[in-house]
Protein chains: 2
Amino acid sequence: MSETDRTAPATLHDVAREAGVSLATASRSLNGSTRKVNESYRQRVLEAAARLNYSPNLSAQAVARGTTTTVALLVADIADPYFSSIASGVVAEADRERLIVTMAATERDPERELELVRQLRGQRPRVIILAGSRPTSDPTGGALADELTAYERAGGRVVLISRNELDFRTVLLDNRAGAEALARELTRIGYRRFAVVTAGEGLRTAADRLEGFRAGLAEGGGRLDETDILREAFTRDGGYAGTRRLIERGLGDIELVFAANDVMAVGALSAIRDAGLTPGRDLAVAGFDDIPTVRDVTPPLTTVRVPLEALGRRALRLALDGDAADAAAAGPDVDSAAGVVTTEVVLRESTPARG
Amino acid sequence: MSETDRTAPATLHDVAREAGVSLATASRSLNGSTRKVNESYRQRVLEAAARLNYSPNLSAQAVARGTTTTVALLVADIADPYFSSIASGVVAEADRERLIVTMAATERDPERELELVRQLRGQRPRVIILAGSRPTSDPTGGALADELTAYERAGGRVVLISRNELDFRTVLLDNRAGAEALARELTRIGYRRFAVVTAGEGLRTAADRLEGFRAGLAEGGGRLDETDILREAFTRDGGYAGTRRLIERGLGDIELVFAANDVMAVGALSAIRDAGLTPGRDLAVAGFDDIPTVRDVTPPLTTVRVPLEALGRRALRLALDGDAADAAAAGPDVDSAAGVVTTEVVLRESTPARG
DNA sequence: CTGTTAGCGCATTCAC
DNA sequence: GTGAATGCGCTAACAG
């Protein structure tokens, strides 16, 4: 198609002319608030719009209205199943509200994250959602917080998912209770001696899960020594490395390794197998999150189900409804009283019942 | 934060006033084209902008310039690793060009897809990328094509990934050659009798892969009977169902089942296991795509690597550079001569060498 | 209820 | 080189 036969999209002005009405009437008929326009006019405008294949220019609407229909979503890595599941939920909920989602990836780089937030602000999104935790120590020296605060002062809404180092609305996950329930279940089916592979200190999510796990073990009579807590990156490779270290050091009578998230657990499975052992039989494994992958690995992974899509949906609801969301948003995955997304232990074959 | 202390974002006007220059000068200093502005003024404007934490209103820029910096991406399912990998590539490339990506999910519903394209048009995106194939028979009666054509006539660019039923720019994948190479390799390592689980007819991608696989078998002396081609949905469950049917019917001397994509292959693994057989030993499995998951399943899956991220990146390049992309975009994953994204056979343990 | 008009924030022509 | 003025497409007072 050559440049010359380019046909500019129909404008509202075109529609008004085609329908023989004023701009204002056309606007009111198509996008207007409470319709106060004569039905016959309305019809003519609608028909004219259809004939011209009119599509309102959202940028122009945004400028005129002083507000957009955009939601900005920042994740660490779009291809990571944890984040793509959350993104899926955000997009689904946004769609219900007829909001448009723009997405960007921080690649786990705080500088980049800051840069992206700055760029995103140009869109004047109604909401900015940040998913994924980051180190406690902020190398940008609070610049991100400043940026987000300025954004909120301008009328925007910030929501954090699974990161709490900043003082904004946050989607709460009962990491502690989930891990506690998991530990209880594992002791119930016969496990006694545990190891943990988790992230380095300073990640609240990981810390909560460890704390909950400890509490559950205390109730159930399980044992976890400090020296059996291995700290590595919060990634698949981290899980692999930690588990490998554990095995090389000698398992002793450790029966099960709890990985603080599923990607670490998947790494643990590989490390076990690469060491010539059989996961589940020689060393049981449990994870946290229930990303889709873990049903397809062998053995299928015991984990704590986190409704990731619901997390994303809830993040948007929280932004839109404000604190009212705590009461309103309910739904099966949300404990409406506490306003916390609930989790559920899922026992699978990576932790067969013991003796 | 109460509504009352809301502080509107600084406007260009504010910056100009703060710097003591005119609107035009401020505009030229900050976003202007070939700078024709006195360096001292320029500095003052930049400083004023920083002081006010100015962020250009992209909507206003879009209206004034008559063009946006937006790319719209439509996928079937954001949480699907195939699509999220592609999306990751699109976002990465868009970021390099300082373009913003908006994403939506069709959920494999053609009506919904059409509706989304209509909505997306309102953004006046520079590019619309559609990923994921769809049935040949178009239930919307060509309405999607009409919509996209109108969009292109208005100056937009449409790029299709892995779907060719419409007459737009398309990211080419040598599905045929990839499957052919796979079949050749499999015969080379000793396989002779094959079955295939694939999508129903009418999906070009699936058809090409089957055709290529057949050609490769012909070269290598492998055998595939028509009755051993099972057609199901192009999903994990489809792969499961097809493989299950195959097993129930009696495997005969079939040694390997080729699934037309990896999600089907993962389903095949489960079906084999659920039938009490051992994948790899009792029945080998090969897939296509090399989604991240297949390294973590057991046994790791033999497949044809498709550089999914590169696919996404290339889609955007194709939109931006036009036909020049064929020559330009090159990169390791693109055969610059043919302008086709190249694939590569990856042998893993799901297809151990035979005899 | 309808049409006229004045902006929204910005880029860009046009005079100076 | 700089600034004043016009317009982008649309909404929202404001009059009629």
Side-chain angles (χ1 to χ4, degrees), chain A residues 6-46 48-49 52-70 121-126 154-155, chain B residues 6-46 48-49 52-70 121-126 154-155:
Chain A
R6 186 183 284 193
T7 304
T11 122
L12 188 58
H13 188 256
D14 298 333
V15 175
R17 196 155 36 77
E18 171 87 6
V21 300
S22 76
L23 236 185
T25 299
S27 174
R28 289 192 269 250
S29 304
L30 291 171
N31 320 306
S33 47
T34 41
R35 56 180 169 201
K36 312 175 166 189
V37 46
N38 188 306
E39 190 52 31
S40 67
Y41 277 14
R42 205 178 130 73
Q43 278 308 323
R44 277 168 54 190
V45 172
L46 260 40
L52 270 45
N53 197 9
Y54 170 73
S55 161
N57 183 321
L58 294 184
S59 293
Q61 286 190 154
V63 175
R65 288 180 172 149
T67 171
T68 66
T69 56
T70 299
R121 265 190 61 197
Q123 297 183 71
R124 305 287 185 271
R126 286 244 274 265
Chain B
R6 185 182 285 192
T7 305
T11 127
L12 187 58
H13 188 258
D14 298 333
V15 175
R17 194 155 37 77
E18 172 87 6
V21 301
S22 76
L23 236 183
T25 299
S27 174
R28 289 192 269 251
S29 303
L30 290 171
N31 321 306
S33 46
T34 42
R35 57 186 168 200
K36 311 177 165 188
V37 45
N38 189 306
E39 189 53 27
S40 68
Y41 276 15
R42 204 179 130 72
Q43 279 308 322
R44 277 169 53 191
V45 172
L46 260 40
L52 270 47
N53 197 9
Y54 170 73
S55 160
N57 183 321
L58 294 184
S59 293
Q61 285 188 329
V63 174
R65 289 180 170 148
T67 172
T68 66
T69 56
T70 299
R121 266 191 60 198
Q123 297 183 73
R124 305 288 184 271
R126 286 243 273 265

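Numbered from 1 within each chain, the chains take letters A, B, ... in sequence-line order.
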Using whole Å, report how far [atom1] of [X] lies from [atom2] of [N].
{"X": "N57(B)", "N": "dG9(D)", "atom1": "CG", "atom2": "P", "result": "17 Å"}
{"X": "H13(B)", "N": "dA5(D)", "atom1": "NE2", "atom2": "C1'", "result": "13 Å"}
{"X": "L23(A)", "N": "dA12(D)", "atom1": "CG", "atom2": "C1'", "result": "12 Å"}
{"X": "R121(A)", "N": "dG9(C)", "atom1": "CZ", "atom2": "C1'", "result": "15 Å"}
{"X": "R17(B)", "N": "dG3(D)", "atom1": "CZ", "atom2": "P", "result": "15 Å"}
{"X": "L58(A)", "N": "dC8(D)", "atom1": "CG", "atom2": "P", "result": "19 Å"}
{"X": "R124(A)", "N": "dC10(D)", "atom1": "CZ", "atom2": "P", "result": "21 Å"}
{"X": "L30(B)", "N": "dG9(C)", "atom1": "CG", "atom2": "P", "result": "16 Å"}

Check whether any side-chain N or O of [X] sits under 4.0 Å from OP1 or OP2 of [N], and answer yes or no.
{"X": "T11(B)", "N": "dC10(C)", "answer": "yes"}
{"X": "N31(A)", "N": "dT11(D)", "answer": "yes"}
{"X": "T25(B)", "N": "dT2(D)", "answer": "no"}
{"X": "Q61(A)", "N": "dC10(D)", "answer": "no"}

Base of dG9(D), side chain of R65(A) - is there a donor-acceptor contact under 3.5 Å? no
Indicate, yes or no, whether a donor-acceptor pair under 3.5 Å links the base of dG1(D) to the side chain of R42(B).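 Side chain to base: no pair present.
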Which heavy atom of V15(B) sits nearest to which heavy atom of A49(B), and what is that distance? CG1-N, 3.9 Å
For the NE2 atom of H13(A) and the OG atom of S27(A), what is their distance to the nearest 0.5 Å? 13.0 Å
What distance do R121(A) atom CZ and L58(B) atom CG have between them, rounded to the nearest 0.5 Å? 11.5 Å
Map Y54(A) and Y41(B) onto DNA chain D by nearest heavy atom, then report which one ends up closer to the 5' terminus.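 Its nearest nucleotide lies further toward 5', so the answer is Y41(B).
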What nucleotide, of dT2(D), dG3(D), dG9(C), holds the atom closest to the side chain of N38(B)?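 Minimum distance to the N38(B) side chain belongs to dT2(D).
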Using a 4.0 Å heavy-atom cut-off, does S27(B) contact any base of the nucleic acid, only the sugar-phosphate backbone, or nothing at all?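 Base: the residue S27(B), judged by heavy atoms under 4.0 Å, touches a nucleobase.
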Is there a side-chain contact between R124(A) and N57(B) in this structure, where contact means two heavy atoms from C-beta onward sitting under 4.5 Å apart?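 Side chain of R124(A) against side chain of N57(B), heavy atoms only: contact under 4.5 Å found.
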Taking the side chain as every heavy atom from C-beta outward, state whether T25(A) and S29(A) have any atom pair closer than 4.5 Å. yes
